[in-house]
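First up is the structure itself, then whatever we jot down about it.
Just the heavy atoms: all of them, side chains too, but no hydrogens, waters or symmetry mates, feed the values below. Position 1 is the first residue of the sequence, and the numbers go up from there.
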Amino acid sequence: MEKNFYPWFKREDIDGFFALFQNNLANFVLIAVSMTAMGFPASIVYGKVIPGVAMSVLFGNLYYAKLAEKLALKEKRKDVTALAYGVSTPVMFIYLFGVLRPALELTGDPELAWKIGLGACFFGGVIEVLGSFIGKFVHRHLPRAAMLGALAGVAFAFIGGEMFFMTYELPVAGMVVLVIMLIGFIAKKPLPFKIPAALFAIVIGTFLAYTVGGQDMSQVREGLGSFGFYLPIPTLGLFEGIIFMAREMAGLFAILLPISIYNFVETMNNVEAMASAGDRYDVAEAQLADGLGTLFGTFFGGVFPTTVYIASIGSKWMNAGRGYSILNGFVFLLASTFGVVAVMARIIPMAVIAPILVFVGISMVTQAFGTVEKKHFPAVVIAMFPYFANYLMTRFNGGAGEVVAKLSSGIVPLGQGAMFTGLIWGAILVFLIDGEYKKASVTSLCAALLTATGFMHAPKLALFFDMRFVTGYVAVAVIFEGYRRYDKVLLRKNEVIREKTEEVLPGDLLAASEQ
C-alpha cells in the first residue's frame, strides 16, 4: 500500500508565509510603536518583548505544522493547511493599554512594568490551557453562524476596516498594494514572473512609499541603525510580576480573566472557520497548544498571548500547506534575533502592510457568509454588530469620549465583552430561525449571568454592575419561554383539527384539500 505523502513545502507556502509573516509583523509594528511611545526603552521592546513572542510563535508554528501532518495522514489528503498562529490583535490592545501602560504609570519603572506584563501574560496562558477542557462542549453547543459572525465582526472592524483606513494614509503606495493583493488572491490572476503576490506587493509598496508616496527617507536611516543581536534569553521575571500584581495591582485580574476567556473563544472560532473550509482540527488541542505557546513565551520575555490566527482562512485560500508555518516560525525567530524585525518595523510603512490585512478581513467575512445556511445570514450579521461598537469604544472613548457619548450612550456597554455579546445574539437568532425557543431562552439566561458577573456590558468583573442589562436578558428569556408554550398550544390545536378532519374526510380527499 502506498503511503500518503504530505509535502514539507510547496510553492503556495511562499504566499502563505509572506501573508502570515506580515500579519505578525503588523502587530509587532504596533507593539513597538506603542511601547516606545509609552516610555519603554528599545532594550526591552526589541531585546526582550519581541524575542520572547518570537519564541511563542516558533513553538506554535511548529506544533501546528505537526498537527497538519497528523490530519493529512489521518484523512489521506495532501491539501491540508496548517493553522496560522500569532498574537491576537484585540487581546494585544488590551495588554498594551490595559496592562503595560497602567503598570508603567504606577511603577515608573519600565523593567518592573515589563515583569508585570510577563505575570499577566502567564495568567492568560493558564486560562487558555484550562479553556481546552471545555472547548469541545462550547464548540458543540454554539451555532456556526454565531461563531463565524462574531469572528467576522472582528475581521470587519479591527482587521479589514481599520487597515483600510491605514491604507489611505499613503494613498499611492497603499492603493497599489491593495490592488496587487486583490488581483493575486481575490481575482486569482497570475502576476509577472510568477512572483508571490504578497512579496510583490510589499516590495512595490515600500518602493512607492519612499519615491512618490511622501514617506520620509530618514526612516530608512533610522531603521538600518536598529540592526543588532537580540538573543532570546530565559527569564523568571514573571514571578516577580505576579507577586507585584497580587500585592499592588489586584484589579488587573478582573481585566485578564474575561480577555483570556475571549482568547480561547477566538481560537475556537478560528478553528471552526477552518473546519468550514475543509480542515477539521481538534478544538481542545488547538486551545491547549495556544495556552502552552503563550506560557512558553513568558519564560523568554513575551508579554502578549498568542492564538490560532485569523489569517488561517487566508492561508487556506492560498492553498498553503505546512511549510509556510514552519518557515514563519524560524524566519521570525531569526528576524527578531538579528534585529531585522526592528529594522522592518521602522522602514516598512503601516500603509504598505495594511492592505494585506484588508485581504484577511475580506476573506474572513466572506467565509462567514459562504459556509452557513442562507437562512442563518441574519444571525451572522447581528453577531458582527457588537464589534463595531467595540471598535468605536476602544478607538474613540479615550480622548474623544464626548463624541462617542453623543453618538449613543449604548456604544460603550455594547462594546464591553463584544465577543460574548456577538455569540449570544448570533446564537439566539439561529435558535429563533430554527424554532428552538427553549435554547433561545437558555441562551438569554446565560447572557443575564454573564452580564450579572461583569463579562458583558461592564468595564471589569463586577456583580450586577448595571441591572438594566441583566433585567433585559431575563425579560427576553421569559418572552421566549412564553412563546415556546404558546407554540406548543398552537401545534396541539392544529393536531386536534387534523384528527377531526380525518374522521370526516377519507385520506385521499384530505390530502387533496391540503394541496
When Trp8 is tested against each of Ile326, Asp13, Leu327 for side chain to side chain contact (heavy atoms under 4.5 Å, CB included), which residue passes? Ile326
Given side-chain contact (heavy atoms from CB on, under 4.5 Å), test Val57 with Leu333 step by step and report yes or no. CA-CA 8 Å; Val57 170; Leu333 179 62; over 6 Å; no
How many angstroms lie between CZ in Phe164 and CG in Leu178, if you round to the nearest 0.5 Å? 5.5 Å
Nearest heavy-atom pair of Val53 and Phe28: which atoms, and what distance? CG1-CZ, 3.3 Å
What pair of heavy atoms forms the shortest contact from Met147 to Leu423, and how long is it? CA-CD2, 3.7 Å
Return the set of residues passing salt bridge (charged side-chain N to carboxylate O under 4.0 Å, His left out) with Glu162 (not counting sequence neighbours), or none when no residue passes. Arg395
Which heavy-atom pair separates Tyr6 from Thr81 by the least distance, and what is that distance? OH-N, 4.4 Å
Please give me the minimum heavy-atom distance between Ala65 and Ser325, naming the atom from each residue. N-OG, 4.2 Å
Exercise: identify the closest heavy-atom pair between Arg346 and Tyr210: O-OH, 4.2 Å
Could you grab the distance from atom CG of Asn328 to atom CZ of Phe18, nearest 0.5 Å is fine? 11.0 Å
Intermediate values then yes/no, side-chain contact (heavy atoms from CB on, under 4.5 Å), Leu100 and Phe40: CA-CA 10 Å; Leu100 291 173; Phe40 285 93; 4.2 Å; yes
Tell me, with the steps shown, if Val177 and Ile204 meet side-chain contact (heavy atoms from CB on, under 4.5 Å). CA-CA 7 Å; Val177 172; Ile204 296 298; 6.0 Å; no
Side chain to side chain donor-acceptor pair (under 3.5 Å), that's the test. Do Asp290 and Tyr64 meet it? Break it down for me. CA-CA 10 Å; Asp290 288 353; Tyr64 284 122; 2.7 Å; yes
Could you state the interatomic distance from CE (Met55) to OG1 (Thr306), rounded to the nearest 0.5 Å? 12.5 Å
Any chance you could measure Glu222, atom CD, to Met217, atom CE, to the nearest 0.5 Å? 12.0 Å
Could you measure the distance from the CE atom of Met419 to the CG atom of Asn269? Nearest 0.5 Å is fine. 5.0 Å
Any chance OH of Tyr168 has more than 12 other-residue heavy atoms, nucleotides or ligands included, within less than 6.0 Å? no
Kindly check if the number of other-residue, nucleotide or ligand heavy atoms within 6.0 Å of NZ (Lys10) is above 12? yes
Euclidean distance, Thr307 OG1 relative to Gln287 CD, rounded to 0.5 Å: 8.5 Å
Of all heavy-atom pairs linking Glu128 and Pro305, the shortest is OE2-CB, 4.0 Å
